[in-house]
Structure formats: C-alpha cells, structure tokens
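In what follows, chains are A, B, ... by sequence order, proteins preceding strands, each numbered from 1. Values below: all heavy atoms of this structure, side chains included; hydrogens, waters and symmetry mates excluded.
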Amino acid sequence: MFMMFERRKPLFTISVAAEMLDCHPRTLRIYEEEGLVHPHRRNNIRYYSQDDIETIKKICELMDELSLNLSGVRALFKAANKFHIRLERFIDEMLE
DNA sequence: ATTCTGACA
DNA sequence: TGTCAGAA
C-alpha cells in the first residue's frame with residue numbers, strides 16, 4: 001500500500017510523502033541525492049517519517065522564502081553540520 | 001499497482 | 001524538475 005508502521009510511528013511511501021508535500025516524487029529523490037533527507041529504506045523502498053516530511057517542508061521554506069536554490073540549501077546544511085548546530089533550530093532562525 | 005534507477009527530443 | 005523506459 002502506501003503506509004506502514006514501525007514502533008507506533010507512521011512511515012509513508014514516496015508517493016504519499018509527495019502528496020503531503022505537494023511535490024513530485026522525483027523532487028524527493030533529488031533531495032535525497034543531495035543528502036538533505038535520509039528516508040528509512042526497506043527492501044530498497046523509501047519510507048518517509050513525519051520528521052522527514054517536516055525537514056523537507058523546511059527545505060522548501062528555505063528555498064522560496066530566502067530564494068535559495070538546492071545548492072544553497074546544501075551549503076546551509078553543510079555549515080550547520082560543521083558548526084555542530086541543531087538543524088531544526090538553525091533553519092528556524094534562518095527563517096525568522 | 002508501485003517504486004527504483006538512469007537518462008534526456 | 002518532469003517524464004519515460006526497463007526491471008523488480
């Protein structure tokens with residue numbers, strides 16, 4: 001189907017995640033290639049957690065509110081990691 | 001039916 | 001980023 005559970009947490013297949021985020025599955029795969037999200041995999045199939053969904057929402061916000069492209073987001077992620085900053089808070093502050 | 005990867009008139 | 005082919 002399009003959803004499964006693990007430890008009480010819902011996991012969504014790429015098609016469902018894409019619907020929730022109103023974007024193309026291709027886009028989600030690209031974000032993964034860029035190392036922006038790491039959906040859980042089972043039998044080579046991607047399963048997105050609610051957290052993954054939230055992370056991607058943030059990515060979209062960064063792109064259209066700050067006019068950043070994918071490479072910009074990638075740079076931001078790299079910086080956050082380099083300075084040991086919590087990604088969630090980091091992004092929220094960028095959006096303030 | 002659904003997803004995956006790789007490729008691009 | 002969208003779309004399509006070929007395989008799983």
Is [Y] close to [X] at the side-chain level, that is, under 4.5 Å between some pair of heavy atoms?
| X | Y | value |
| --- | --- | --- |
| A:His40 | A:Glu6 | yes |
| A:Phe77 | A:Leu87 | yes |
| A:Leu76 | A:Phe90 | yes |
| A:Phe12 | A:Asp52 | no |

Please name the nucleotide paired to B:dA9 by Watson-Crick or G-U wobble geometry with both distances under 3.5 Å, or report none.
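Across all strands, not a single nucleotide pairs with B:dA9.
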Pull out every protein N or O sitting under 3.5 Å from an N or O of nucleotides 6-9 of chain B, one pair per line with the distance.
residue : atom : partner : partner atom : Å
B:dA7   : N6   : A:Arg26 : NE           : 3.3
B:dA7   : N6   : A:Arg26 : NH2          : 3.0

What integer distance in Å separates [X]:[atom1] from [N]:[atom2]?
| X | N | atom1 | atom2 | answer |
| --- | --- | --- | --- | --- |
| A:Ile14 | B:dA1 | CD1 | P | 19 Å |
| A:Asn44 | B:dT3 | CG | C1' | 9 Å |
| A:Glu32 | B:dC4 | CD | C1' | 11 Å |
| A:Met4 | B:dT2 | CE | C1' | 16 Å |
| A:Arg29 | C:dG2 | CZ | P | 12 Å |
| A:Leu11 | B:dT3 | CG | C1' | 16 Å |
| A:Ile45 | C:dA8 | CD1 | C1' | 9 Å |
| A:Leu28 | C:dT3 | CG | P | 15 Å |

Tell me which residues in residues 54-68 of chain A lie within less than 4.0 Å of DNA chain B, going by non-hydrogen atoms.
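Under 4.0 Å from DNA chain B: no residue of residues 54-68 of chain A.
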Assess whether salt bridge (Lys or Arg N to Asp or Glu O under 4.0 Å) is satisfied between A:Asp51 and A:Lys9, documenting all intermediate values.
CA-CA 10 Å; A:Asp51 282 348; A:Lys9 312 250 176 128; over 6 Å; no
Side-chain donor-acceptor pair present, A:Asn69, A:Ser71, cut-off under 3.5 Å:
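Their side chains do contain a donor-acceptor pair, which is all the 3.5 Å distance test asks for.
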I'd like to know whether CZ of A:Arg89 has more than 12 heavy-atom contacts from other residues, nucleotides or ligands below 6.0 angstrom.
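Not buried by this count: 12 neighbours or fewer within 6.0 Å.
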Within the supplied structure, the quantity of interest is the number of heavy atoms (other residues, nucleotides, ligands) at a distance under 6.0 Å from A:Asp64 CG; does it exceed 12?
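Yes - once you tally the heavy atoms of other residues, nucleotides and ligands closer than 6.0 Å, there are more than 12.
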On the nucleotide [N], are OP1 or OP2 found under 4.0 Å from the side-chain N or O atoms that [X] carries?
| X | N | value |
| --- | --- | --- |
| A:Thr13 | B:dT2 | no |
| A:Ser15 | B:dT2 | no |
| A:His24 | C:dT1 | no |

Touch check for A:Arg41, heavy atoms < 4.0 angstrom, all strands: base, sugar-phosphate only, or nothing?
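Here A:Arg41 touches the backbone only, sparing every base.
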Just checking A:Tyr31: base, sugar-phosphate only, or nothing, at a heavy-atom cut-off of under 4.0 Å?
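Counting heavy atoms under 4.0 Å across all strands, the contact made by A:Tyr31 is with sugar-phosphate only.
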Taking A:Thr27 for its side chain and A:Cys23 for its backbone only, find out whether a donor-acceptor pair lies under 3.5 Å.
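Answer holds: no.
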